[in-house]
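Worksheet for the structure shown next.
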Amino acid sequence: MVKIELAKAYNAAEVEDAIYEKWEKSGFFNPDNLTEAKDPFVISMPPPNVTGILHLGHAFENSLMDVEIRYQRMKGKKAMIVPGTDHAAVATQARVEGDLKKQGIANPRQELGREKLLEKIKEFAENQKSIILGQIKKMGTSCDWSRLAYTFDEQRSEAVNELFKMMYNDGLIYRGYRVINWSVKGQSTCSDDELVYVDQLTKIYTFKYGKDFPIAIATTRPETKLGDTAVAVNPKDDRYKQYIGQKFTVDVGAKNSLTITVIADDGVDTNYGTGAVGVTPAHSPVDFEMYQKNKDIGIIPVIGKDGKMTEEAGVNYAGLDVLEAREKFVNWLRENDLLLKEEDLTHSVGTSDRFGDVVEAIPMEQWFVDVNKKVKERGMSLKELMREAVTRGHNGNSDKIINITPDRFKTIYLHWIDNLRDWCISRQIWWGHRIPVWYCDDCDQIFYGSENPGACPKCESIKIRQDEDTLDTWFSSGAWTFSTLGWPAETQDLLTYHPTSWMQMGYEILFFWMARMILMTTYALDDIPFRDVYIHGILRDKNGKKFSKSLGNGLDPIEIINKYGTDALRLSLLRGTSPGNDMRFYEEKVEGARNFVNKLWNISRFIIQSIDSPKIIDKTPVIKTLADQWILDKLNSITKSVTEELDKFNFSGAIDYLWEFTWADFADWYLEIAKVEGNKEEILLYILQNLLKLWHPFIPFVTEELWKNFDDKNLLMIAVWPKFIDQKPSDADENFEWIKNIITIIRNLRSENKVEPAKKISAIIISDKIKLLENQSEIIKKLARLENLSIIKKGDKPANSVGSAIGSTQIYIELASAVNAEVEVKRLQKEISELDKYAVGIEQKLKNEEFLKNAPEAIIKKEADKLKEAREKIEKLTLQLESLK
RNA sequence: GCACGCCUAGCUCAGUUGGUUAGAGCACCUCGUUUACACCGAGGGGGUCAGGGGUUCGAAUCCCUUGGCGUGCACCA
């Protein structure tokens, strides 16, 4: 074999693209090619929105998914990430319309029309898509590209239509006149979950509708009061209950007069405000509910889709902007002595997450998913299905429980379900799945149809038209875990790979997405969408601010990758993070990870260059020395720990074990020892190869690149995950740690006494562990830079020496010049006094009868051993101190 | 208003059933170019785990409470 030359430093940019290509060509991203693998392990990739290119948050998600999938693949699972992108209905249309406006097209919808605008959006989306897919590859994510999906492709559209049809036929989707959230700017509805609440300082006005009206009410929206049809009071309220059922006609200065009925409602808090509520059915969801119980009070919409006052608001107001109307009405109240109070109030208002404007509550005909209606043949509502999947398990089956990490999000999710109202799914935009419903203009028949049915099924008229609206993007996202596997067709993929195994997502889309996937899957497939959900926090910048375009603090992951390598980025994103918590991102972190990757490279470089023929070592090598035993035991033990941490999805914990072992135990200690003891080819290769396997899920590129030095035929990517060997524990760890300790003490003595680092000196160790020390004397001499080392059983402190102790063992180094007694006395005194405090603490514990009675025996023994060791050390140090005086 | 989370070394954070003298990375101090690595090595300093109380033989960890920061939901009459 030719001697391999490795570069002095790992250059990620040079090798990554080629490695990814090799992986992709191998076909092993597709689990169907993992012929020896058994159980499936599937991750549905949360499809990135085609609104923009990927940011660091995506890099983080890709790192999480890829670590998990590579781990499972190496564990012998049919591992698969199903990749895809999301058409992101409103978000994408809003983005493209915004761009068009900047280009001078003031009103894209009117100027371009449906077809043209859709074409523009499609062009944009396709362009973004190809950029995004390239980025995902850069991040090293091992997706099965043969199963690439898009929420808006033909297959997924079929799933959406089928789902709609099922729900429509089951009466779970209905068209109804309800108060919905309306974005004037976007000219579309949005669901309750799409609102972003912001605090707003406003005024709250207390007034009476008229001089003769007996009850005062308060409002922050006086202009909507032109649409009031009732006043609600608590039926137990003595002040008002006499008026319940009475009707009052009031003049509100709007030319039209209002008829206000006093109604009873248990929900009214008698202690809050005036204890009475003005009821505006058209512009408040809560009031609308009261109206539905008391339809005869009537409903008067006074604000229109354009955000201006309607004709019904009265001729004095029609056409006015809401703020103008507010001012006008308040002035009128004031002039007529009806305004009782005017106070400042901070309250939160809902704004559209995509268009940014404060939404208006307006009543309209829209499509809804009924979450409270019992599903046919299930005896349960969608709400109840959503609850069951995370509590007792789907259909009461404890094997079908969705496990949420960290589990506090389960509580948050359940609380959200409690407050859930019917889901408004129709949007007045064009980019999205068109609602598969048709209307007959001749007989008013409404019927389902994913394609143009040609004629009305009832009256055969051809004057039919499809609903103009499109579906909420989350309607299609909700089907993602199964639409990507071929549903509604009964595919082999569905049989093999559903339910999926693991899902990760940020907590900010818990309600949008997780909830809807659970809803859709439990309903349509009578199953859960996934077994485990890992909820992660959001990435923030150095100062804790959210990354955002408007703040201009966004970082392009590809730039980071070009500078530090993908492995470094992945490692930095996963290290020191915990599920559910936000984390800060800063470049120094990536730099540290890059340094580690380089360290691993150089460890390998050293090993590869120091041996003749690199080969695969798959059997535990022969153990020759204590150090060998120690490092192999340690490798075995961290193999167990890393596996356990990964099984708990604790990626950071797994990294900590690996990092510590690789850098400290293996590089700093064992490699140095290998230089002394020599002849360790097999052990070095064995440990390195196991390390490459254990590290591979986290830093796939550098490990794969190194692996080819040992095996240029098989990919590390499908190597078998190292197994923990369950063996009798040896005392190698204890003994070797003790030797390490002695070396550290000598190094410390040298440093404190300003011995030149390169200078070789003499040392004396007085101990009864003669044999152990003699066996390890070469290592001690080399690593502590000793010329001579005397190991004796009994003796006195040598002249011109300084020393320390571990337990009863004393360690001295000889100094060339006289000892600075004063400094040495101080040092020893300090050490003794600290040690004494420590020992006294343990002593008290051991004197405590309660402790002795209650604590486990192992703990008591540990404490006793600690005390013995400390006391012995104090004794030896005291002797040293006395000899100086 | 209700709920949840966070407050651990100068900074960023781990710390999963309560039990080592509480850890890591970066930063800092001293020393060092020993051919795997200066993207490095050796040694070191630095924390009453936000404050107070409680449970316990034993608390960063469990409970109560105060304060600060953040988030979700509700309210928004």
Side-chain angles (χ1 to χ4, degrees), chain A residues 6 8-10 197 200 202 204 206 216-221 231-232 268-269 272-279 284 286-287 345-350 406 408-409 411-412 415-416 418-419 507-508 510-511 537 542 544 564 568 572 575-578 580-586 588-589 591-610 645 648 650 652-653 655-656 659-660 667-668 671-672 675 744 747-752 754-758 782-783 785 834-835 837-838 841-842 845 848-856 858-860 862-863 866 870:
Chain A
L6 291 185
K8 206 169 168 183
Y10 172 61
Y197 288 94
Q200 198 182 57
T202 188
I204 180 160
T206 306
I217 57 153
T219 183
T220 57
R221 297 287 309 268
V231 163
V268 178
D269 183 351
Y272 192 90
T274 62
V277 184
V279 181
S284 154
V286 178
D287 294 2
L345 176 79
T346 305
H347 70 159
S348 59
V349 291
R408 66 185 144 95
F409 286 102
T411 321
I412 297 173
H415 182 241
W416 174 83
D418 289 341
N419 291 302
Y507 57 73
E508 77 277 12
L510 204 69
F511 308 143
K542 214 174 179 152
Y564 298 100
S572 70
R575 188 162 189 246
T577 58
S578 50
N581 294 328
D582 293 352
M583 68 227 104
R584 295 186 197 203
F585 181 88
Y586 46 99
E588 289 89 330
K589 228 170 176 170
E591 208 177 297
R594 190 269 321 265
N595 293 353
F596 176 81
V597 169
N598 189 242
K599 186 76 187 181
L600 182 62
W601 175 265
N602 272 292
I603 289 168
S604 310
R605 180 171 180 246
F606 170 68
I607 293 171
I608 290 165
Q609 288 182 352
S610 66
E645 294 303 317
K648 285 186 277 183
N650 185 0
S652 181
I655 289 172
D656 284 348
W659 186 295
E660 164 84 8
D668 289 344
L671 289 190
E672 294 309 315
K675 290 175 190 172
T744 304
R747 285 170 169 172
N748 182 5
L749 287 171
R750 292 178 60 119
S751 176
E752 277 184 349
K754 312 276 180 217
V755 178
E756 287 165 46
K782 193 76 187 234
L783 298 194
R785 300 212 138 244
E834 274 170 11
L835 210 53
K837 263 189 250 165
Y838 168 64
I842 303 175
K845 203 184 259 186
N848 185 336
E849 277 179 36
E850 295 296 312
F851 174 72
L852 296 172
K853 206 166 69 189
N854 293 309
I859 299 285
I860 297 173
K862 226 179 193 173
E863 294 294 317
K866 270 156 47 179

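Here is the naming used below: chain letters follow the sequence lines, and residue numbers restart at 1 for every chain.
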Measuring only the P atom in each nucleotide, how far is B/rU16 from B/rU35? A whole number of Å is fine.
43 Å
Looking at every strand, decide which applies to A/K866 at a 4.0 Å heavy-atom threshold: base, sugar-phosphate, or nothing.
sugar-phosphate
Does a side-chain N-to-carboxylate-O contact under 4.0 Å join A/E756 and A/R785?
no
Looking for any heavy atom pair under 4.0 Å, which part of the strands does A/A855 touch: base, sugar-phosphate only, or nothing?
base
What verdict does the salt bridge (Lys or Arg N to Asp or Glu O under 4.0 Å) test give for A/E588 and A/K542, after you've listed the backbone C-alpha separation in whole Å, the side-chain angles of each residue and the deciding distance to 0.1 Å?
CA-CA 10 Å; A/E588 289 89 330; A/K542 214 174 179 152; 3.1 Å; yes
Which whole number of Å gives the distance between the P atom of B/rC7 and that of B/rU61?
11 Å
Pick the C1' atom in B/rA22 and in B/rG41, then give their distance to the nearest Å.
27 Å
Might you work through the salt bridge (Lys or Arg N to Asp or Glu O under 4.0 Å) test for A/E834 and A/K837, ending with a clear yes or no?
CA-CA 5 Å; A/E834 274 170 11; A/K837 263 189 250 165; over 6 Å; no
Measuring only the C1' atom in each nucleotide, how far is B/rA27 from B/rU12? A whole number of Å is fine.
11 Å
From B/rU30, B/rU12, B/rG15, pick the nucleotide closest to the side chain of A/S578?
B/rG15
What distance, rounded to whole Å, do you find between the two P atoms, one in B/rA24 and one in B/rG18?
24 Å
Along nucleotides 36-46 of chain B, 5' to 3', which nucleotides get a B, which get an S, and which get a -, given that the test is a protein heavy-atom distance under 4.0 Å?
BBSBSSSSS--
Under 3.5 Å, side chain of A/S751 to main-chain N/O of A/R747, donor-acceptor pair present?
no
Is the A/F409 ring parallel, tilted or perpendicular to the A/Y507 ring (thresholds 30°, 60°)?
parallel
Taking the C1' atom of each, how far is B/rG47 from B/rG23, in whole Å?
11 Å
Please figure out whether A/L852 or A/Y586 has its closest RNA chain B nucleotide nearer the 5' end.
A/Y586
Would A/K675 and A/F606 count as a cation-pi pair here, with the cationic atom under 6.0 angstrom from the ring centre and within 45° of the axis?
yes
Please measure how far the P atom in B/rC4 lies from the corresponding atom in B/rG45, and state the result in whole Å.
42 Å
Can you tell me which stems RNA chain B forms when a stem means 3 or more consecutive Watson-Crick or G-U pairs under 3.5 Å?
B:1-7 with B:67-73, B:10-13 with B:23-26, B:28-32 with B:40-44, B:50-54 with B:62-66
Please give me the minimum heavy-atom distance between A/G537 and A/M583, naming the atom from each residue.
O-CE, 3.8 Å
Can you tell me how far C1' in B/rU30 sits from the matching atom in B/rU20, rounded to whole Å?
29 Å
Need one value for A/R575: base, sugar-phosphate or nothing, where a base atom within 4.0 Å counts as base even if backbone is also close, heavy atoms only.
sugar-phosphate
Could you check whether A/L510 gets within reach of a base, just the sugar-phosphate, or nothing at all, counting any heavy atom under 4.0 Å?
nothing
